> 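I'd like to ask some things about the structure below.
Just so we're on the same page: letters track the sequence lines, and every chain starts at 1. Everything numeric in this text was worked out from a predicted model, so none of it was measured.
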Amino acid sequence: MRASQFFISTLKEAPGEAELVSHRLMLRAGLIRRLGSGLYTWMPLGLRVLRKVENIVREEMDRAGALELLMPAVIPAELWQESGRWDKFGPQMLKIRDRHERDFLFGPTHEEVICDVARKEIRSYRQLPVNWYQIQSKFRDEIRPRFGVMRAREFLMKDAYSFHEDYASLEATYQRMYATYSAIFTRLGLHFRAVAADTGAIGGSGSHEFHVLADSGEDAIAWCPDSGYAANVELAEALAPAGQRAAAGAALTRVPTPGKTGNAELAEFLGIALAQTLKALLLIDGQGRPVLALMRGDHQLNEIKANKVVPDMRLASDAEIREHFGDAKGYIGPVGVDRSRVRVIADRSAALLADFCCGANEAPFHLTGVNFGRDCPEPDLVADLRTVEAGDPSPDGGGTLEICRGIEVGHIFQLRTRYSEAMQVTFLDRNGSATPAEMGCYGIGVSRVVAAAIEQNHDERGIIFPRAIAPFEVAIVPMGLARSEAVRAAAETAYDALRAAGFDVLLDDRDERPGVLLADQELLGIPFRVVIGERGLKEGLVEFQGRRDAEARKIAPADLVATLKAAIAH
RNA sequence: CGGGGCGUAGCGCAGCCCGGUAGCGCGCCUGCUUUGGGAGCAGGAUGUCGGAGGUUCGAAUCCUCUCGCCCCGACCA
């Protein structure tokens, strides 16, 4: 491609709306332009990247035996009412009404539609398993779209759905998809990690997320370098500390602690370890009932875990704290709580504390030397409620956890029969009886992959695209093409040679000054560049430089293709 | 939805507090010069100051209402 025939529109300064590096760079490089909140146009340059990602995903899905189809983006409401998600998915859906006042939605995901296809088409176990996928625009009316295409409202997604006669078959396909996803992200040239995950709103049993690792990622991942364990911190189990609770040794003492409502300042004030303090958080369950959650002072409540123990829970408001604990906000604790009214649950670590310090349920006092069983009843329930931290033992017993951050770009689920039962996806099994199909689903955020790749691969000059998804693999940058016949001839020769060798090459023949051309190449993140100038040509040489290389190498023009091939192989 | 902030030329911003008829840098157009790291000089174009209403002789500026956007929290590929 010749730049003069293409459309390159770079910005020296990023629009103020963009905060995240990838978002800024995508705007600056002219990959995308914003139309509205969470709505982006993919410009020709950006679309080349998006298509490359899409094609790799497609090739690997095809290789894994999945079949591509394409479902409508607009879905009749009845299908979603049937599955019960019309109300449940709620405000995230873009609801549409047609001229006959019939309700539709713009699909945020396609379980219902694929189930409708399956129940009409699948009659016998002989037709199973199937794995159908599509690459299509989705719309989710996010509460807060942000970071450009990283969390857009309209985005491109690859979603696949498999149907099986039994769980063994589902498991086999699930493993196949796990391997396929690994192959896809490897081919994309991304540093990624597969982690055990919570199943979230989509539901089902087994689930793994695929994260592109980047410090700016929205998710925290707990992983163990020794054992290979990896899980979203939402899910990662915090093991109970080893050993028994120590015997009570200290006397219960009430101490004034004015202004010391936080555990850290409290521990400092009293000169005790933070881990020897207890924090009490008031939760409100789905029925509006109070539940007091006890955590060790140095631990964080994991709301996802808490939700599993206290369904539909939320943190209490100040007014609710006042309702149950009077004016003791900042000083609440388990001692003297009316257990007929307030259920008390404790994290495993908190439950093992002895002689601890907690709020006295009276401002401004804390109690020290507190012990379960002696000063207050044992908790009604002990469970894993806290978020794991770096240094915690790995739940599989194989070492110590580390925490890193990631961007979720893929998610695979074993849905089992959740949807097939609701949507009547049954087939006649080997015994001739109607059976709901086992089901799996597998998503990849195609457009998000582009942002994630940039988030992971950039420097102060711009994007550094992995070769597999770069808009062009190599750029020819002539110095003074319009002025020098020698440069023009050498650039054209190089262009022809690289194209003939099968490379995706950009000849930057724009009539711009050298500084502009070089800066643009770096901003666009094209992996390799060939600088051709009169200076070098006098010695019979051109310059070859990888985007990450500190310096250019001078090579003979005839060696260009071989040099590029060697650099790629390296 | 809760909390913060911003809407002035294509982009980045100043002007607003203290009303007086809109400016800077980049970009864009023309010409000349320049040409290996985002050029120089000269000339030029571009604004319903987000929108509506109000106060005033006069509103980008003050008041009210609205719309849009961004950032921080709970959701997701």
Side-chain angles (χ1 to χ4, degrees), chain A residues 9-20 23-24 27-28 30 33-39 53 57 88-92 108-110 135-160 181 197-202 207 209-212 218-219 232 234 303-304 307 313-315 317 406-413 441-452 461-462 477-484 487 510-523 529 531-537 542-543 545 552:
Chain A
S9 180
T10 55
L11 265 32
K12 271 195 194 171
E13 292 174 288
E17 73 203 31
E19 196 79 0
L20 200 68
H23 188 193
R24 295 175 65 85
L27 288 168
R28 284 228 291 133
R33 292 291 181 238
R34 194 181 69 86
L35 177 64
S37 178
L39 301 172
V53 175
V57 171
K88 222 174 177 178
F89 223 88
Q92 263 207 73
T109 172
H110 277 69
I135 297 175
Q136 183 206 39
S137 284
K138 296 281 187 280
F139 189 97
R140 294 186 189 174
D141 201 353
E142 293 279 348
I143 299 165
R144 182 150 87 86
R146 60 185 131 173
F147 307 146
V149 298
M150 187 80 82
R151 181 179 297 281
R153 292 196 293 174
E154 186 176 321
F155 60 99
L156 193 66
M157 180 174 176
K158 186 283 298 178
D159 47 327
Y181 274 38
D198 188 64
T199 49
I202 300 199
S207 168
E209 292 168 350
F210 287 76
H211 287 261
V212 167
E218 290 188 84
D219 288 278
N232 196 307
E234 292 173 350
E303 297 193 23
I304 301 211
N307 236 307
M313 75 93 200
R314 58 181 169 79
L315 289 170
S317 65
I407 299 162
E408 185 188 351
V409 288
H411 202 158
I412 59 177
F413 299 85
C441 85
Y442 320 92
I444 289 180
V446 177
S447 44
R448 180 181 282 182
V449 164
V450 177
R461 297 182 164 195
V477 187
M479 302 281 100
L481 177 118
R483 284 170 289 114
S484 165
V487 169
R510 292 177 296 165
D511 187 16
E512 292 284 356
R513 295 170 61 84
V516 175
L517 298 180
L518 294 171
D520 269 1
Q521 293 320 320
E522 283 157 348
L523 175 60
R529 85 175 175 205
V531 174
I532 299 176
E534 276 194 317
R535 223 159 64 182
L537 289 177
V542 297
E543 290 162 39
Q545 186 172 9

> Find the distance A:Glu218:CD to B:rG73:P and express it as a whole number of Å.
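So the CD-P distance, A:Glu218 to B:rG73, works out to 8 Å.
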> Could you let me know what B:rU64 is paired to, Watson-Crick or G-U wobble, both distances under 3.5 Å, or none if it's on its own?
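Base partner found: B:rA52.
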> Using atom types as modelled and distance alone, determine if a side-chain donor or acceptor of A:Arg140 lies under 3.5 Å from a backbone N or O of A:Pro108.
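Answer holds: yes.
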> Does the B:rC69 base have a donor-acceptor partner in the side chain of A:Arg146 within less than 3.5 Å?
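Donor-acceptor pair under 3.5 Å: no.
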> In whole Å, what is the span from the CG atom of A:Leu27 to the P atom of B:rC11?
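My rounded result for the distance is 11 Å.
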> Counting distance alone, no hydrogens or angles: does the base of B:rG38 have a donor or acceptor under 3.5 Å from a partner atom on the side chain of A:Glu522?
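There is none.
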> One pair to check against salt bridge (charged side-chain N to carboxylate O under 4.0 Å, His left out): A:Glu522 and A:Arg529. What are the steps and the verdict?
CA-CA 9 Å; A:Glu522 283 157 348; A:Arg529 85 175 175 205; 3.2 Å; yes
> When the distance from CD of A:Gln521 to C1' of B:rG37 is rounded to whole Å, what number comes out?
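A:Gln521 atom CD is separated from B:rG37 atom C1' by 13 Å.
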> In whole angstrom, give me the gap between the C1' atoms of B:rA42 and B:rU61.
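Rounded to whole Å, the distance is 36 Å.
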> Measure the distance from CZ on A:Phe139 to P on B:rA77 and round it to the nearest whole Å.
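Taking CZ of A:Phe139 and P of B:rA77, I get 16 Å after rounding.
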> Report which part of the nucleic acid A:Asp159 touches: base, sugar-phosphate, or nothing (heavy-atom distance under 4.0 Å, all strands).
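Touches nothing.
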> Would you sort out whether A:Leu39 and A:Phe139 count as a side chain to side chain contact (heavy atoms under 4.5 Å, CB included), showing the intermediate values?
CA-CA 10 Å; A:Leu39 301 172; A:Phe139 189 97; 4.0 Å; yes
> Give the C-alpha distance, both sets of side-chain angles, the deciding distance and a yes or no for side chain to side chain contact (heavy atoms under 4.5 Å, CB included) between A:Asp520 and A:Glu512.
CA-CA 11 Å; A:Asp520 269 1; A:Glu512 292 284 356; over 6 Å; no
> Ignoring hydrogens and angles, are the base of B:rG36 and the side chain of A:Glu543 linked by a donor-acceptor pair under 3.5 Å?
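Yes.
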> Is there a side-chain polar atom (N or O) of A:Ser37 under 4.0 Å from OP1 or OP2 of B:rC70?
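For B:rC70, OP1/OP2 do have a side-chain N/O of A:Ser37 under 4.0 Å.
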> The side chain of A:Arg144 lies closest to which of these nucleotides: B:rC72, B:rG27, B:rA77?
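Of the candidates, B:rC72 comes closest.
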> Under 3.5 Å for both donor-acceptor distances, Watson-Crick or wobble: does B:rC1 have a partner, and if so which one?
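Checking every strand shown, B:rC1 finds its partner in B:rG73, with both distances under 3.5 Å.
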> Checking base pairs now: Watson-Crick or wobble, both atom distances under 3.5 Å. What partners B:rG20?
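For B:rG20, the partner nucleotide comes out as B:rC57, under the 3.5 Å rule.
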> Between atom CZ in A:Arg151 and atom P in B:rC71, what is the gap in whole Å?
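For the pair A:Arg151 CZ and B:rC71 P, the rounded distance is 11 Å.
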> With a non-hydrogen cut-off below 4.0 angstrom, is A:Glu209 in contact with a base, only sugar-phosphate, or nothing?
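Nothing: the residue A:Glu209, judged by heavy atoms under 4.0 Å, touches no strand.
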> In whole angstrom, what separates A:Leu20's CG from B:rC69's P?
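From A:Leu20 CG to B:rC69 P: 19 Å.
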> Checking contacts here: which listed nucleotide (B:rU35, B:rC26, B:rA77) is nearest the side-chain heavy atoms of A:Arg140?
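Of B:rU35, B:rC26, B:rA77, B:rA77 is nearest to the side chain of A:Arg140.
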> Once you round it to whole Å, what is the distance between P of B:rG37 and CZ of A:Arg529?
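Going from CZ in A:Arg529 over to P in B:rG37 covers 11 Å.
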> Expressed as a whole number of angstroms, how long is the span from A:Arg461:CZ to B:rG37:C1'?
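Rounded to whole Å, this separation is 8 Å.
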